[in-house]
2 protein chains.
Amino acid sequence: MSDLLERLRGRGWRMTAQRRVVAEVLDGDHVHLTADEVHARAVERLPEISRATVYNTLGEMVTLGEVMEVATDGRAKRYDPNAHRPHQHLVCGRCGAIRDVHPAGNPLADLPDTERFGFTISDVEVTYRGICPNCATTA
Amino acid sequence: MSDLLERLRGRGWRMTAQRRVVAEVLDGDHVHLTADEVHARAVERLPEISRATVYNTLGEMVTLGEVMEVATDGRAKRYDPNAHRPHQHLVCGRCGAIRDVHPAGNPLADLPDTERFGFTISDVEVTYRGICPNCATTA
DNA sequence: ATCCTACGATAGACATTGTCTAAGTCAAGT
DNA sequence: ACTTGACTTAGACAATGTCTATCGTAGGAT
């Protein structure tokens with residue numbers, strides 16, 4: 001259990017019941033929920049929480065740099081609470097399962113100057129795609 | 001100018017005015033249009049073409065493996081006609097400009113077995129993010 | 001050359017995901 | 001305990017994508 005909530009408190013973030021519930025729901029490892037999934041789970045604990053608040057709160061956590069936004073499938077964005085530990089993602093093309101992975105090496109170093117077109121590069125995002133063991137057997 | 005249209009013909013794809021126009025509009029290098037952008041340009045040449053046909057046609061070209069789908073921003077998917085030449089993307093975080101890039105090395109080799117969780121990996125997608133020279137000066 | 005027929009195209013309703021607004025509510029400092 | 005500005009809410013709206021029923025047509029058959 002990482003301590004997303006503690007990190008947010010430590011930054012002087014104004015705390016409300018809604019924000020606390022969103023942070024609690026999102027916390028953990030290999031967690032990659034969509035905004036609507038976060039909302040569904042938040043509603044179980046705080047029935048009157050609104051969709052807009054969940055979207056706002058997630059957006060703020062991303063702006064604060066405490067949560068990563070991941071777009072692995074061109075559908076809904078997913079939210080990853082492990083923003084402080086750099087990692088990449090491994091996605092199952094059949095069931096959509098996502099695992100956090102830590103590749104060796106630095107992909108940034110692999111891009112020669114001649115291929116940078118004058119850009120100032122700040123970040124690299126790597127998505128590995130394949131089939132998970134569970135889907136492979138249930139072919 | 002790559003020859004998307006020729007490749008599609010060569011595969012025995014049933015040709016219609018609509019499909020030809022979509023293929024023509026999408027052809028070229030560093031082309032990464034959204035479905036609606038493709039539709040807008042197609043309408044200039046064939047005013048009665050419908051949105052649904054553009055979506056269908058793009059989807060079929062992706063299934064045929066002649067066009068790549070790229071989701072760089074969590075908004076609309078973009079379509080890249082250079083599916084036959086493996087490459088990655090470099091995206092400007094301010095204006096959204098996209099360049100095709102060819103990194104050295106093979107990112108797949110960078111993922112140790114212990115980080116594969118039993119997945120059979122078939123593909124790696126790398127997105128470099130930064131600021132393009134144009135946006136850097138117009139700061 | 002014309003006809004058939006299955007496949008493709010169409011309009012528009014619908015679905016999903018995300019954003020915005022105006023008004024009400026509340027956390028935290030005084 | 002007040003006050004205030006930030007937070008939350010419901011619901012309208014917007015953007016993107018999918019589906020269905022119907023119509024049209026490419027390309028083979030005659």
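Throughout, protein chains are lettered first and strands after them, A, B, ... in sequence-line order, and every chain is numbered starting at 1.
The base of D/dG17 is paired with the side chain of B/R51 by a donor and an acceptor separated by under 3.5 Å.
Note: CD (B/E48) to P (D/dT22) measures 23 Å, nearest angstrom. When the P atom of D/dA15 is taken as reference, atom NE2 of B/H39 falls 16 Å away, rounded to whole Å. Taking atom CG on A/D73 and atom P on D/dT16, their separation rounds to 16 Å, with Å as the unit. Atoms CG (A/L58) and P (C/dT17) sit 14 Å apart, rounded to a whole Å. Per the geometry, CD1 belonging to B/I49 stands 15 Å off C1' belonging to D/dT25, to the nearest Å. Per the geometry, CG belonging to B/L8 stands 13 Å off P belonging to C/dG8, to the nearest Å. Summarising the geometry, the separation between CG on B/N56 and P on D/dC19 is reported as 10 Å, rounded to the nearest angstrom. The nearest whole Å value for the distance from the CE atom in B/M15 to the P atom in D/dG27 is 8 Å.
For B/Q18, counting side-chain heavy atoms from C-beta on, the closest listed nucleotide (C/dA28, C/dT17, C/dA9) is C/dA9. Closest to the B/R14 side chain, of the nucleotides C/dT17, D/dA26, D/dG17, is D/dA26. Closest contact between the side chain of B/K77 and the listed nucleotides C/dG18, C/dA9, D/dT18 involves D/dT18. Each of C/dA11, D/dG27, D/dA15 was ranked by its minimum atom distance to the side chain of B/S50; first place goes to C/dA11.
When each of B/V62, B/V22, B/V31, B/L8 is checked for a side-chain contact (heavy atoms from CB on, under 4.5 Å) with B/V67, only B/V62 meets the rule.
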Using the rule given for salt bridge (Lys or Arg N to Asp or Glu O under 4.0 Å), can you reason through B/R99 versus A/E115, listing the C-alpha separation, both sets of side-chain angles and the distance that settles it, and then say yes or no?
CA-CA 9 Å; B/R99 307 293 302 191; A/E115 287 283 306; over 6 Å; no

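B/S122 places a side-chain N or O within donor-acceptor distance of the main-chain N or O of A/R129, the cut-off being under 3.5 Å.
Clustering ILVMFWY residues whenever any of their side-chain heavy atoms sit less than 4.5 angstrom apart, transitively, puts A/V91 in a cluster other than the one holding B/L108.
Between B/T16 and C/dA9 there is a side-chain polar atom (N or O) within less than 4.0 angstrom of OP1 or OP2. For C/dG18, one of the phosphate oxygens OP1 or OP2 lies less than 4.0 angstrom from a side-chain nitrogen or oxygen of A/Y55. For B/R19, a side-chain nitrogen or oxygen approaches OP1 or OP2 of C/dG8 to under 4.0 Å.
Sequence order on DNA chain D of the closest nucleotides to B/W13 and B/A52 puts B/A52 first from the 5' end.
A salt bridge is absent between A/R78 and A/E69; no separation between the charged side-chain nitrogens and carboxylate oxygens falls under 4.0 Å.
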